[in-house]
Amino acid sequence: MRLTHPVLSAPIHWRENKIPVLVIEHPKLFRQMVFSLSAQAEGEEGEFCLSLDYEPLDCGEHLHVLRDYFSLSLDDRKLQNRFQSLLQTVVREELTEESDALQQEIFHYLEHMALAVDYPFSFSGGEYILPLLKTLKCQPVLDGREPLERLMQYLTIYNGLMKDQCFVLAEAHTYFSREELLEFYHMANYKKWRVLLVEQRMSNPLPKETFCLLDEELCELRLDSSGEIR
């Protein structure tokens with residue numbers, strides 16, 4: 001997967017066991033690029049181009065920009081639909097016997113209710129379990145107590161249910177300690193998350209980080225975690 005922008009001399013791309021970091025020291029450009037990424041993640045037009053195998057991807061479908069790590073939301077219709085599809089698969093393929101037994105129990109319950117009511121009534125047949133699950137509002141949640149735990153849950157859910165996702169984390173070095181980021185990087189590499197950090201200031205590099213630096217004069221440098229120019 002690659003991310004390009006007219007200001008950048010070359011694409012940002014994801015490599016195994018590496019975390020790309022885009023540092024934009026010019027305040028106005030930093031603001032513009034973060035806002036542009038956020039807008040494109042919402043389906044608006046912009047100058048960033050996200051691609052996979054040189055085929056452009058719809059940023060509204062594949063890009064997430066995270067700026068508030070305390071108020072992460074799973075209120076996404078596409079995500080909820082994918083989760084409901086997962087539940088249907090589990091009901092039909094992994095819990096077949098249990099689902100059949102519950103279907104029969106509900107049917108018998110309705111029959112007994114019909115006998116107990118003084119007035120004749122009818123009830124619909126067919127599938128009972130899936131409508132019941134919708135009524136119960138089964139949906140994914142973030143139940144972690146710490147911001148880092150919730151962030152990793154968020155990425156796990158989206159990356160598991162949606163195809164070819166890219167996550168942009170704005171100012172993560174401000175919110176999380178070095179130890180927390182190392183833990184996050186370890187999980188990101190294990191889960192094969194495509195994560196890009198966007199920072200306004202260059203911090204002490206962490207292992208696994210690679211940098212694209214745009215300084216206040218808009219000069220560009222590409223560095224690895226040792227500080228060597230690539």
Side-chain angles (χ1 to χ4, degrees), residues 1 14 19 34-35 37-44 50 52 57-103 105-106 109 126-199 208:
M1 185 176 285
W14 284 263
I19 301 293
V34 171
F35 285 2
L37 283 166
S38 300
Q40 290 185 240
E42 296 296 326
E44 298 181 21
L50 186 68
L52 180 64
L57 297 174
D58 182 350
C59 289
E61 297 281 343
H62 299 274
L63 183 64
H64 303 265
V65 179
L66 306 179
R67 292 183 290 169
D68 183 353
Y69 301 99
F70 300 95
S71 302
L72 298 174
S73 174
L74 299 176
D75 187 19
D76 183 311
R77 183 181 297 275
K78 296 184 184 69
L79 180 73
Q80 298 295 339
N81 289 340
R82 292 291 178 87
F83 185 71
Q84 293 303 319
S85 296
L86 173 63
L87 291 183
Q88 293 180 27
T89 300
V90 169
V91 166
R92 291 168 178 165
E93 298 180 8
E94 299 184 27
L95 299 176
T96 305
E97 292 185 7
E98 294 88 340
S99 298
D100 290 342
L102 180 57
Q103 179 82 6
E105 285 294 327
I106 295 174
Y109 179 86
E127 176 68 57
Y128 297 131
I129 299 176
L130 295 179
L132 176 62
L133 291 177
K134 289 183 179 180
T135 302
L136 294 173
K137 297 182 179 179
C138 296
Q139 58 187 345
V141 296
L142 304 174
D143 60 359
R145 294 187 177 183
E146 297 298 327
L148 181 66
E149 184 181 4
R150 293 174 65 85
L151 174 63
M152 292 194 291
Q153 287 179 337
Y154 180 96
L155 270 65
T156 297
I157 291 170
Y158 264 100
N159 205 62
L161 293 175
M162 310 288 282
K163 185 179 179 181
D164 299 327
Q165 300 298 291
C166 175
F167 305 93
V168 176
L169 277 57
E171 298 282 24
H173 274 272
T174 301
Y175 286 92
F176 299 107
S177 69
R178 292 174 63 85
E179 292 74 20
E180 288 175 320
L181 286 175
L182 286 172
E183 179 184 350
F184 176 74
Y185 292 170
H186 176 77
M187 184 63 70
N189 287 313
Y190 175 73
K191 296 279 192 178
K192 300 187 183 303
W193 296 332
R194 294 183 179 95
V195 176
L196 169 66
L197 273 64
V198 180
E199 305 286 339
K208 305 184 188 301

Exercise for review: Taking the side chain as every heavy atom from C-beta outward, state whether H62 and L50 have any pair of such atoms under 4.5 Å apart.
Suggested key: yes
Exercise for review: Report the relative orientation of the aromatic rings in Y158 and Y154; use parallel for angles under 30°, tilted for 30 to 60°, perpendicular for over 60°.
Suggested key: tilted
Point to revise | Approximate separation, where rounding is to 0.5 Å, of L79 CG and R77 CZ | key: 12.0 Å
Practice item. Start with the C-alpha gap between M187 and L155, add the side-chain angles, then the distance that decides, and say whether side-chain contact (heavy atoms from CB on, under 4.5 Å) holds. Key: CA-CA 10 Å; M187 184 63 70; L155 270 65; over 6 Å; no
Review point. Is the backbone of V65 close enough, under 3.5 Å, to the side chain of S38 for a donor and an acceptor to pair up by distance?
Key: no
Point to revise | R67 side-chain N/O to A170 backbone N/O, donor-acceptor pair under 3.5 Å | key: no
Review point. If you count the non-hydrogen atoms of other residues, nucleotides and ligands that lie under 6.0 Å from CG in D58, is the total more than 12?
Key: yes
Review point. Quick one: are R92 and L130 in side-chain contact, heavy atoms under 4.5 Å?
Key: yes
Point to revise | Steps toward side-chain contact (heavy atoms from CB on, under 4.5 Å) verdict (V91, L133) | key: CA-CA 10 Å; V91 166; L133 291 177; 3.9 Å; yes
Check your understanding: Any donor-acceptor pair under 3.5 Å linking the side chain of Q139 with the backbone of V141?
Key -> no
Point to revise | Heavy-atom closest contact (L161 atom, R82 atom, distance) | key: O-NH1, 3.0 Å
Revision key, fill the gap. One should read off an interatomic distance between T96 OG1 and D100 CG, to the nearest 0.5 angstrom, of 6.5 Å
Exercise for review: Could you check whether the rings of F184 and W193 sit parallel, tilted or perpendicular, using 30° and 60° as the cut-offs?
Suggested key: tilted
Point to revise | For Y69 against L66, the heavy-atom pair lying closest together | key: OH-O, 3.2 Å
Point to revise | Heavy atoms of other groups near E42 CD, more than 12 under 6.0 Å | key: no
Check your understanding: Do Q103 side-chain atoms and Y128 backbone N/O form a donor-acceptor pair below 3.5 Å?
Key -> yes
Exercise for review: Working to the nearest 0.5 Å, report the span between CG of N189 and OH of Y185.
Suggested key: 10.0 Å
Study note, to complete from the structure: Looking only at heavy atoms, the pair that brings S99 and I129 closest together is O-CD1, 3.0 Å
Review point. What pair of heavy atoms forms the shortest contact from C166 to M1, and how long is it?
Key: CB-SD, 3.6 Å
Exercise for review: Tell me, with the steps shown, if L95 and L102 meet side-chain contact (heavy atoms from CB on, under 4.5 Å).
Suggested key: CA-CA 10 Å; L95 299 176; L102 180 57; over 6 Å; no
Check your understanding: Side-chain contact, heavy-atom cut-off 4.5 Å: E171 with V34?
Key -> no
Practice item. Decide side-chain contact (heavy atoms from CB on, under 4.5 Å) for E183 and M152; before the verdict, give the C-alpha distance in whole Å, the side-chain angles of both, and the deciding distance to 0.1 Å. Key: CA-CA 10 Å; E183 179 184 350; M152 292 194 291; 3.7 Å; yes
Check your understanding: CD/Q153 to CG/L142 distance, rounded to the nearest 0.5 angstrom?
Key -> 5.5 Å
Check your understanding: To the nearest 0.5 Å, how far apart are CG in L132 and CD in E127?
Key -> 10.0 Å
Study note, to complete from the structure: side chain to side chain donor-acceptor pair (under 3.5 Å) with Q165: of H64, R194, E61, only one passes, and it is H64
Check your understanding: Distance from L74 atom CG to I157 atom CD1, nearest 0.5 Å?
Key -> 5.0 Å
Check your understanding: Sub-3.5 Å donor-acceptor pair from the side chain of E199 to the main-chain atoms of H173, do we have one?
Key -> yes
**Study point:** Where W14 and L196 come nearest, the two heavy atoms and their spacing
**Key:** CZ2-CB, 3.8 Å
